[in-house]
A.B. asks: 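Have a look at the structure that comes next, please.
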Amino acid sequence: MRVTASRVAVLEVLGDHPHASADTVAGLVTQRLGSVSKQAVYDVLAACTRAGLLRRIEPAGSAARFETRTGDNHHHLVCRRCGRTEDVDCTVGQRPCLSPSDDAGFAVDEAEVVFWGLCPDCQEQN
């Protein structure tokens, strides 16, 4: 991939703000670069995801989020109230972390687990 200002800005923003939505990334990139279209940022996110530089996660009921941590099959903790998302490392075994009881002939190479609950800040609000 060619190195462009928008690509570098997107990767820097996600390095500072892992699990950000596309809209959040677009806003932060615009603050850094000035004039950049939202579509250009979406295109960068898509291209970097296809190239394996970014990982796209889609927690149920939430906008897609992007992160620079790729290739290690880690999982996520998501707060049901505020949407805060944190990485959680795979706890046992090699990739994939979980083996299905019946793989139906699939060559499984990744497992995605999302743990749901309340983050510490939201627990204090109860």
Side-chain angles (χ1 to χ4, degrees):
M1 292 180 68
R2 281 185 318 126
V3 176
T4 65
S6 58
R7 288 177 178 166
V8 170
V10 164
L11 293 173
E12 287 175 348
V13 162
L14 286 168
D16 294 339
H17 303 278
H19 310 119
S21 69
D23 286 342
T24 299
V25 173
L28 293 169
V29 167
T30 300
Q31 287 177 8
R32 285 179 185 229
L33 297 181
S35 177
V36 62
S37 74
K38 198 178 265 194
Q39 187 59 51
V41 172
Y42 290 173
D43 291 345
V44 169
L45 290 168
C48 288
T49 299
R50 279 193 308 275
L53 298 173
L54 296 177
R55 180 178 177 193
R56 176 186 171 120
I57 62 169
E58 298 181 55
S62 176
R65 298 171 182 273
F66 296 86
E67 63 183 347
T68 56
R69 186 174 170 187
T70 63
D72 65 353
N73 199 43
H74 69 278
H75 306 304
H76 296 94
L77 297 158
V78 179
C79 181
R80 289 186 186 280
R81 185 174 293 155
C82 70
R84 175 178 160 185
T85 304
E86 296 290 340
D87 292 334
V88 62
D89 289 326
C90 197
T91 56
V92 295
Q94 298 177 344
R95 252 176 78 168
C97 297
L98 303 176
S99 297
S101 60
D102 180 1
D103 64 17
F106 280 65
V108 177
D109 61 14
E110 183 175 2
E112 184 173 319
V113 175
V114 177
F115 298 94
W116 294 90
L118 293 178
C119 70
D121 292 339
C122 288
Q123 289 175 56
E124 287 180 12
Q125 294 174 9
N126 280 343

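Remember, predicted model here, so these are calculated numbers, not experimental data. Sequential numbering from 1 along the given sequence is applied to the chain's residues. Atom set for the values below is all heavy atoms of this structure, side chains included, hydrogens, waters and symmetry mates excluded.
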A.B. asks: Ion pair present between E58 and R56, side-chain N to carboxylate O less than 4.0 angstrom?
C.D. replies: yes

A.B. asks: Enumerate the residue pairs fulfilling ring pair (Phe, Tyr, Trp, His ring centres under 6.0 Å) with a member in residues 105-126, sequence neighbours excluded, ordered by first and then second residue.
C.D. replies: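 Not a single pair qualifies under ring pair (Phe, Tyr, Trp, His ring centres under 6.0 Å).
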
A.B. asks: Applying ring-ring contact (aromatic ring centres under 6.0 Å, His included), name anything that partners H74, two or more places apart in sequence or on another chain.
C.D. replies: H76

A.B. asks: I need the minimum non-hydrogen distance between S6 and L33, along with the two atoms involved.
C.D. replies: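 Closest pair (atom of S6, atom of L33, distance): CA-CD1, 3.8 Å.
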
A.B. asks: Tell me, do V44 and L11 make a side-chain contact under 4.5 Å, heavy atoms counted?
C.D. replies: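 A side-chain contact under 4.5 Å is absent here.
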
A.B. asks: Should V113 and L118 be regarded as members of a common hydrophobic cluster, given that ILVMFWY residues are connected when their side-chain heavy atoms come within less than 4.5 Å of each other, either directly or indirectly?
C.D. replies: no

A.B. asks: Taking only residues two or more places apart in sequence, or in another chain, which ones meet D87 in a salt bridge (Lys or Arg N to Asp or Glu O under 4.0 Å)?
C.D. replies: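 For D87, the residues satisfying salt bridge (Lys or Arg N to Asp or Glu O under 4.0 Å) (neighbours in sequence not counted) are R69.
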
A.B. asks: In chain order, what residues pass the side-chain contact (heavy atoms from CB on, under 4.5 Å) check against S21, with sequence neighbours excluded?
C.D. replies: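 For S21 the side-chain contact (heavy atoms from CB on, under 4.5 Å) partners, ignoring immediate neighbours, are D23, T24, A63.
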
A.B. asks: Give every residue pair that meets the ring pair (Phe, Tyr, Trp, His ring centres under 6.0 Å) criterion with at least one member in residues 41-66, sequence neighbours excluded.
C.D. replies: none

A.B. asks: In the structure I gave you, are the side-chain heavy atoms of V41 and T30 within less than 4.5 Å of one another anywhere?
C.D. replies: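 No, too far: nothing below the 4.5 Å cut-off.
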
A.B. asks: Under the side-chain contact (heavy atoms from CB on, under 4.5 Å) rule, collect the residues that match up with A51, sequence neighbours excluded.
C.D. replies: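 A51 satisfies side-chain contact (heavy atoms from CB on, under 4.5 Å) with M1, L53 once adjacent residues are dropped.
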
A.B. asks: By side-chain contact (heavy atoms from CB on, under 4.5 Å), which residues pair with A46, not counting sequence neighbours?
C.D. replies: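 Here the qualifying residues are R50.
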
A.B. asks: Quick one: salt bridge (Lys or Arg N to Asp or Glu O under 4.0 Å) pairs with a partner in residues 4-13, sequence neighbours left out?
C.D. replies: E12-R32

A.B. asks: Can you name the closest pair of heavy atoms from A20 and L14 and give their distance?
C.D. replies: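 So the two residues come closest at CB-CD2, 4.0 Å.
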
A.B. asks: Tell me every residue that passes salt bridge (Lys or Arg N to Asp or Glu O under 4.0 Å) with D43, counting only those two or more places apart in sequence or in another chain.
C.D. replies: none

A.B. asks: Could you pull out all residues at least two apart from T70 that satisfy side-chain contact (heavy atoms from CB on, under 4.5 Å)?
C.D. replies: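 R55.
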
A.B. asks: Using residues 77-84 as the side-chain source, report each donor-acceptor pair under 3.5 Å to any protein atom, sequence neighbours left out, with the distance given to one decimal.
C.D. replies:
from, atom 1, to, atom 2, distance (Å)
R81, NH1, C122, O, 2.9
R81, NH1, N126, OD1, 3.3
R81, NH2, N126, OD1, 2.8
R84, NE, E86, OE2, 3.0
R84, NH2, E86, OE2, 3.4

A.B. asks: Sequence neighbours left out, what passes side chain to side chain donor-acceptor pair (under 3.5 Å) with T68? Give chain and number order.
C.D. replies: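 Partners of T68 by the side chain to side chain donor-acceptor pair (under 3.5 Å) criterion come out as none, since no residue qualifies.
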
A.B. asks: Do I57 and V114 come close enough that some side-chain heavy atom pair is under 4.5 Å?
C.D. replies: no

